[in-house]
Colleague: 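The structure that follows is given in the form of C-alpha cells.
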2 protein chains.
Amino acid sequence: MLQDSDWRYKFFTKRTMGTILTNPATTIAEKLQQKFDSLTRAERQLANSLLDNYPVSGLTSITTVAQNADVSTPTVARMVQKLGFSGYPEFQSALRGELEARISNPIAKHDNWATTAPETHILNRFADAVIENVRQTLGQLDPVEFDGACTMLADKERSVYIVGGRITRALADYMFTHLQVAREKVTLIPSNSNTWPHYVLDMQAGDALVVFDVRRYEHDILKLAELAKERGVEIILFTDQWSSPVSKFATYRFNCRIEVPSAWDSSTATMLIVETMIASVQDRTWNITSDRMEALEKLFDRTKLFRKFI
Amino acid sequence: MLQDSDWRYKFFTKRTMGTILTNPATTIAEKLQQKFDSLTRAERQLANSLLDNYPVSGLTSITTVAQNADVSTPTVARMVQKLGFSGYPEFQSALRGELEARISNPIAKHDNWATTAPETHILNRFADAVIENVRQTLGQLDPVEFDGACTMLADKERSVYIVGGRITRALADYMFTHLQVAREKVTLIPSNSNTWPHYVLDMQAGDALVVFDVRRYEHDILKLAELAKERGVEIILFTDQWSSPVSKFATYRFNCRIEVPSAWDSSTATMLIVETMIASVQDRTWNITSDRMEALEKLFDRTKLFRKFI
DNA sequence: TATTATCTGTAAAATATGTTGCAAGACAGT
DNA sequence: ACTGTCTTGCAACATATTTTACAGATAATA
C-alpha cells in the first residue's frame with residue numbers, strides 16, 4: 001500500500017518543492033518571499049517595504065528605498081546583490097521589465113499570427129507591428145472627440161467632402177463609398193488639385209471636410225484646408241503620429257500609428273478607425289441609411305451589376 | 001526693463017494655455033497629447049517615445065529616455081519643464097504616482113482598446129471584431145502560398161494587373177500605388193468594366209492579375225478572370241471567407257475574414273494582408289525598388305508637390 | 001536671398017546616486 | 001562575562017545623472 005512509500009513520497013515532494021523554490025523564481029517578489037527566511041532583520045524590513053506597493057516602490061532611487069524601509073542605503077545595495085543582481089541599477093531594470101510585461105496588453109504577445117509560419121516570417125512581424133499600431137492608436141484616441149466627429153458626419157444638414165493625398169486617396173475613396181450609402185450630400189474630392197477651387201466654391205459654413213494627410217504632408221491639401229476653414233467648414237483630420245500641419249485648422253484630429261517593418265507606412269490602423277467611424281455614423285443615421293440601402297439593392301437588381309452566386 | 005511686459009507675456013500665455021487646458025489633463029499622457037501641437041520636432045519624437053510603452057518607458061534615467069527617443073538629454077530636460085515639472089526627477093515621480101494608481105486599481109482596464117471608453121463603445125467592439133478577423137485570417141493563411149504569390153508579383157518579367165470591385169476598388173488602388181513604386185509594369189484596371197476588354201488584349205501568358213472580389217461577387221469580374229485565365233494569366237485572388245467564384249480560375253487565393261458589427265463588411269484584415277504582401281514584394285525587389293524610390297524622391301523635389309514641414 | 005528667431009545637440013559643471021571599507025553594535029554559544 | 005561571528009550604519013569614494021551654457025543648425029519671414 002501507500003504507507004511504505006509514504007516517506008519517500010514526502011521526501012520527493014520536499015525535494016521537488018525545494019528545487020521549485022530555489023530555482024525558478026520568476027519575479028522579484030517571488031524571490032523575496034522565497035529568500036525571506038534567510039534574510040536578516042534589516043533586510044526583512046526592506047523586503048516588506050518593497051513588497052508593499054510592489055513593484056512601484058522599487059522604482060525610486062536606492063536612497064529613497066532605504067529611507068522608506070528605514071534601513072541604510074548599503075543594506076539595500078547588499079540585499080539586491082544577495083538576490084543575484086550585479087547592483088541596484090540591474091535590480092531596478094528587472095523590476096521595470098516585470099512591470100512592462102504586466103502592463104502591456106495581452107494581445108500584444110500573442111504567440112504567432114500565422115501559426116504555420118516561423119516567428120520571423122514577415123506575416124508575423126507585420127501583424128505584430130500593425131496590432132501594436134492599433135493598440136497605440138486606440139489607446140490615445142479620445143472617444144469624446146470620436147463621437148463628436150461621428151455626430152458631425154451624421155448631421156444631414158451638412159454636406160460632407162472627403163479628400164486624400166497620394167497614398168491616403170484609397171482611404172478617402174473607401175470612406176466615400178460607404179458614407180455615400182449612409183447619407184446624401186457626400187462628395188469625394190478628386191486627387192487632381194487643379195479642380196479643388198471648384199469644390200471650395202460649393203462649400204458652405206458648417207459643412208464638414210474630412211482630410212487624410214500623412215507624411216509626406218502635401219502642400220496643396222494644407223492650402224485646401226485653409227481655404228475651407230476660411231469659409232467656416234469644419235475639418236476632420238486623419239493623420240499620423242507626427243501630425244499634419246492641417247492640425248491647426250482641424251476641429252477633430254485623429255492620430256493613427258503607421259509604423260511597420262517596411263520602407264513605407266501602414267494604413268491599416270487608420271483604416272480601422274475609418275471603418276469604425278463609418279459604422280458609428282450609420283448607426284446614427286440608421287433610419288435614413290436602411291432606406292438608402294434598400295433602394296440601392298433594387299438599383300443593383302435592375303442594372304444586373306451584381307449577381308447572386310452560390 | 002523686460003519685467004513688465006514679461007509678466008503680461010506670461011499672463012497671456014497662461015490664459016491661452018488655459019483654454020487648451022479646459023479639459024483638465026489628469027495624466028502625463030494626456031498632457032503630452034494636449035500639448036502635442038505646441039511641441040517641436042524633437043519634442044514630438046520624445047513624446048511619441050514616451051507614449052510608446054507608457055508609462056514604463058519614462059521610468060529610466062533621463063539619459064536612457066533620450067537615447068530611446070533619439071534626442072539629446074537636454075531636450076528631455078526642457079520638455080518636462082515645459083510640461084510644468086521643476087525637473088526630470090519630479091516628472092518621474094509623477095509618472096510613478098500614476099502607475100501606482102493604475103496598478104493598485106483592481107479594475108484592470110487593459111482589456112479595452114480605447115482605454116477611456118466603456119467596453120461597449122463601438123471603438124472597442126469594432127476593434128475586437130477586427131482583431132478576431134485578423135487572427136482567423138492569418139491562422140488559415142498558408143505561408144507557402146503567400147510566399148508564392150509574392151514571388152510571382154516580384155517577378156519583373158511579368159506584367160501585373162490589379163482590379164477591384166465596388167468596395168474593394170480602394171484596396172486595389174492602394175495596392176497599385178505601392179506596387180507601382182516597387183516595380184514597373186503595374187496597371188490598375190479602372191472600375192468601368194466597359195474598358196476591360198482593352199486591358200485583356202494586352203495581357204500576355206505569364207502575366208499576373210490580382211483580383212479583389214468579396215461579397216457581393218461581381219459578375220463582370222468573374223468574366224474578366226475567365227478571359228484572363230484563357231490567355232494564360234496567373235490570377236491572385238483576395239476574397240472573403242465564402243470565396244468568390246473567381247476561385248476556380250485562381251492560382252493563389254487568400255480568404256480574409258470581413259465580419260464586423262455593422263451593416264457591411266470590414267476590409268481591414270484584407271488591407272493587412274495586402275500591405276504585408278507589398279512589403280514582402282518590396283523586399284524581394286529591393287535592388288530595383290530602392291532605385292525607384294530614390295528617383296521618385298527626386299521627382300517630388302522637382303515638382304514641389306510635397307514640402308517638408310517642421 | 002538675407003535676416004531673425006527658434007530649435008537642438010555638445011560639452012562641462014553641478015548634483016545626486018550607488019558602492020565599498022571600516023568600525024561599532026548585536027547576538028549566540030561557551 | 002567573554003569571545004567570535006554576523007549585522008549594520010557611517011562616511012568616503014566612484015560613478016551616473018541632471019542641469020546649464022553655448023554655439024551650430026534649421027526653419028520662418030521679409
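Order of the sequence lines fixes the chain letters, A, B, ..., with proteins taken first and strands second; residue numbering starts at 1 for each chain.
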Colleague: Can you check the B/Leu46 CG to C/dG9 P distance for me, whole Å?
Modeller: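 Atom CG in B/Leu46 sits about 10 Å away from atom P in C/dG9.
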Colleague: So, OP1 or OP2 of C/dT20: does either fall under 4.0 Å of a side-chain N or O from A/Gln81?
Modeller: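 For C/dT20, OP1 or OP2 has a side-chain N or O of A/Gln81 closer than 4.0 Å.
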Colleague: Could you check which of C/dG9, D/dG9, D/dT18 has an atom nearest any side-chain atom of B/Ser61?
Modeller: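 The listed nucleotide nearest to B/Ser61's side chain is D/dT18.
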Colleague: Can you tell me the distance, in whole Å, between the CZ atom of B/Phe85 and the C1' atom of D/dT18?
Modeller: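 One finds 16 Å between C1' of D/dT18 and CZ of B/Phe85, rounded.
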Colleague: May I ask you to decide whether A/Glu226 forms a salt bridge with A/Lys223, counting only side-chain N to carboxylate O separations under 4.0 Å?
Modeller: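 Looking at A/Glu226 and A/Lys223, the cut-off is met.
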Colleague: How close or far is atom P of D/dC10 from atom CG of A/Asp70, stated in whole angstroms?
Modeller: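 Those two atoms, CG and P, are 11 Å apart.
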Colleague: On the side chain of A/Arg78, is there an atom forming a donor-acceptor pair with the base of C/dG18 - under 3.5 Å, no angle test?
Modeller: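 Side chain to base: no pair present.
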Colleague: Choosing from D/dT8, C/dT19, C/dG9, which nucleotide comes nearest the side chain of B/Pro74?
Modeller: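 The answer is C/dG9.
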Colleague: From the list C/dT20, D/dT18, C/dT8, which nucleotide is the closest neighbour of the side chain of B/Thr75?
Modeller: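 For B/Thr75, the side-chain atoms sit closest to C/dT8.
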Colleague: Starting from P on D/dT7, measure out to CD on A/Glu43 and report it in whole angstrom.
Modeller: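 For the pair A/Glu43 CD and D/dT7 P, the rounded distance is 8 Å.
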Colleague: What nucleotide, of D/dC10, C/dT17, D/dT18, holds the atom closest to the side chain of B/Pro89?
Modeller: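 Nearest listed nucleotide: D/dT18.
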Colleague: Between B/Thr40 and C/dT8, is there a side-chain N or O to OP1/OP2 distance below 4.0 Å?
Modeller: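 Yes, within the criterion.
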Colleague: What's the closest nucleotide to the A/Ile62 side chain, out of C/dG9, D/dT18, C/dT17?
Modeller: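 Of the options given, the side chain of A/Ile62 lies nearest C/dT17.
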Colleague: Going through the checks in order, is the side-chain hydrogen bond (donor to acceptor under 3.5 Å, both in side chains) test met by B/Gln81 and B/Tyr88?
Modeller: CA-CA 8 Å; B/Gln81 284 174 2; B/Tyr88 188 77; over 6 Å; no
Colleague: Between A/Lys82 and A/Thr73, which is nearer to the 5' end of DNA chain D once each is assigned its nearest nucleotide?
Modeller: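 Result: A/Lys82.
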Colleague: Verify whether one side chain among A/Gln140 and B/Tyr54 offers a donor that lies under 3.5 Å from an acceptor in the other.
Modeller: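 No, because no side-chain N or O of A/Gln140 sits under 3.5 Å from a partner of the opposite role on B/Tyr54.
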Colleague: Taking atom P of C/dT19 as reference, at what distance in whole Å does atom CZ of A/Phe91 sit?
Modeller: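 Taking CZ of A/Phe91 and P of C/dT19, I get 12 Å after rounding.
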Colleague: Starting at atom CD of B/Gln45, determine the distance to atom P of C/dT8, rounded to an integer number of angstrom.
Modeller: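 B/Gln45 atom CD is separated from C/dT8 atom P by 9 Å.
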Colleague: Using atom CD of A/Glu90 as one end and atom P of D/dA16 as the other, report the distance to the nearest whole Å.
Modeller: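 After rounding, the reported distance stands at 14 Å.
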Colleague: Parallel, tilted or perpendicular: which describes the rings of B/Phe91 and B/Phe85, with under 30° parallel and over 60° perpendicular?
Modeller: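 Rings of B/Phe91 and B/Phe85: perpendicular, over 60°.
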Colleague: Take the protein atom OH of B/Tyr88 and the nucleotide atom C1' of C/dT15, then report the distance between them rounded to whole Å.
Modeller: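 Taking OH of B/Tyr88 and C1' of C/dT15, I get 16 Å after rounding.
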Colleague: Are side-chain N/O atoms of A/Asp240 and A/Tyr217 paired as donor and acceptor at under 3.5 Å?
Modeller: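 Distance-only check passes for A/Asp240 and A/Tyr217.
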